[in-house]
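Chain letters run A, B, ... following the sequence lines, proteins first, then strands; residues in each count from 1.
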2 protein chains.
Amino acid sequence: MTEQEQPVADVFSAACSSRPVLQHLTGRWGALAMVALDRAEGPVRFGELRRRVEGISDRMLSQTLGQLERDGMVHRTVHSSIPPHVEYTLTELGARVAGPLAELIELLEAELPTVMDAQAAYEAAS
Amino acid sequence: MTEQEQPVADVFSAACSSRPVLQHLTGRWGALAMVALDRAEGPVRFGELRRRVEGISDRMLSQTLGQLERDGMVHRTVHSSIPPHVEYTLTELGARVAGPLAELIELLEAELPTVMDAQAAYEAAS
DNA sequence: CCGTATCCTTAACGATACTG
DNA sequence: CAGTATCGTTAAGGATACGG
């Protein structure tokens, strides 16, 4: 049987359930958290993640990870001990989603000079 | 000469200029606008774009396109006539950036059932 | 150590009205 | 048609303090 994967979802449709999921991934911190986990290639602790994603607050990291966990992108493992020890990893789906996000970020980092030039040209024209 | 492209940019650094650029692309409407332009494969007018990106307001579309134009992702062509006629296309850089964004969106649309299942499981566990 | 709770400030956003 | 201006509302985000 050659089943056709036919997406019923359309993110361009306003009411589609995929919209919030996209928001979580492309929100202020979503992509950074995902790619940080992707680059780690192994479990990462909360504090370590906060250090990697510079500028994020406890509150935002917690909230972002919560959304991603709910969406099935991130797996959370709690080792009940004192002090507590919590590890985050990407799920199988999360790893696949992280791919394009990592590409985007790498492309952007490599092409930042191009962007800066464009910005300068834009300012000059206005 | 085999020049090594060595990115000086690091999006994980809080003050890096790449951060705002990433914001524009992964903000609420950035990715949707980029991929809508990518799928069009040709010039798209303002009104057409607004129709394609369901739910976006005049104000947000204008602002989003302005940011993307400033970042060198989108090219804007004004045909001075009455009524006005303005066309948007991706720049060469924009087209390359749109690639990963399109991948992300397609993956998300295809895997939405997986995400919905994860959400249901999450609710059940709490 | 890993968060949550609370409060507060900012900015994102949408609706409406208006202009070239 | 393609926006901009203004206004009001909402939601996102940061700071701080505290709990398991």
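No salt bridge links B:E48 with B:R45; every basic N to acidic carboxylate O contact stays at or beyond 4.0 Å.
Rounded to an integer number of Å, the gap from CH2 of B:W29 to C1' of D:dA12 is 16 Å. Following rounding to the nearest Å, A:D58 (CG) and D:dG19 (C1') show an atom-to-atom distance of 14 Å. When rounded to the nearest whole Å, the span between CE of B:M60 and P of D:dA2 equals 19 Å. Counting to the nearest Å, the P atom of D:dT4 and the CD atom of B:Q63 are 10 Å from each other. D:dA2 atom C1' lies 14 Å from atom CD of B:E69, rounded to whole Å. Here D:dC1 presents its C1' atom at 13 Å from CD of B:E48, a figure rounded to the nearest Å. Following rounding to the nearest Å, A:H24 (NE2) and D:dG13 (P) show an atom-to-atom distance of 11 Å. Following rounding to the nearest Å, B:Q23 (CD) and D:dA12 (P) show an atom-to-atom distance of 14 Å.
Residue-to-nucleotide proximity on DNA chain C shows that, of B:P83 and A:V86, the 5′-proximal contact is made by A:V86. Between A:G27 and A:P84, the residue anchored nearer the 5' end of DNA chain D, judged by the nucleotide with its closest heavy atom, is A:G27.
Boundaries of the chain B contact region on DNA chain C are C:dC13 to C:dG20, first to last in 5' to 3' order (nucleotide atom under 4.0 Å from a heavy atom).
Checked by atom type, the side-chain pair A:E111/A:T114 shows a donor-acceptor distance below 3.5 Å.
In this structure, B:R76 reaches the sugar-phosphate backbone alone: every heavy-atom distance under 4.0 Å involves primed, P, OP1 or OP2 atoms, never a base.
Taking only side-chain nitrogens and oxygens, A:S57 never comes nearer than 4.0 Å to OP1 or OP2 of D:dA15.
Both key distances under 3.5 Å define a Watson-Crick or G-U pair, and stretches of 3 or more such consecutive pairs in DNA chain C run C:3-20 with D:1-18.
Residues passing the side chain to side chain contact (heavy atoms under 4.5 Å, CB included) test with B:V86, sequence neighbours excluded: B:R76, B:V78, B:Y88.
Closest to the side chain of B:R59, from the set D:dC1, D:dT6, D:dG3, is D:dT6.
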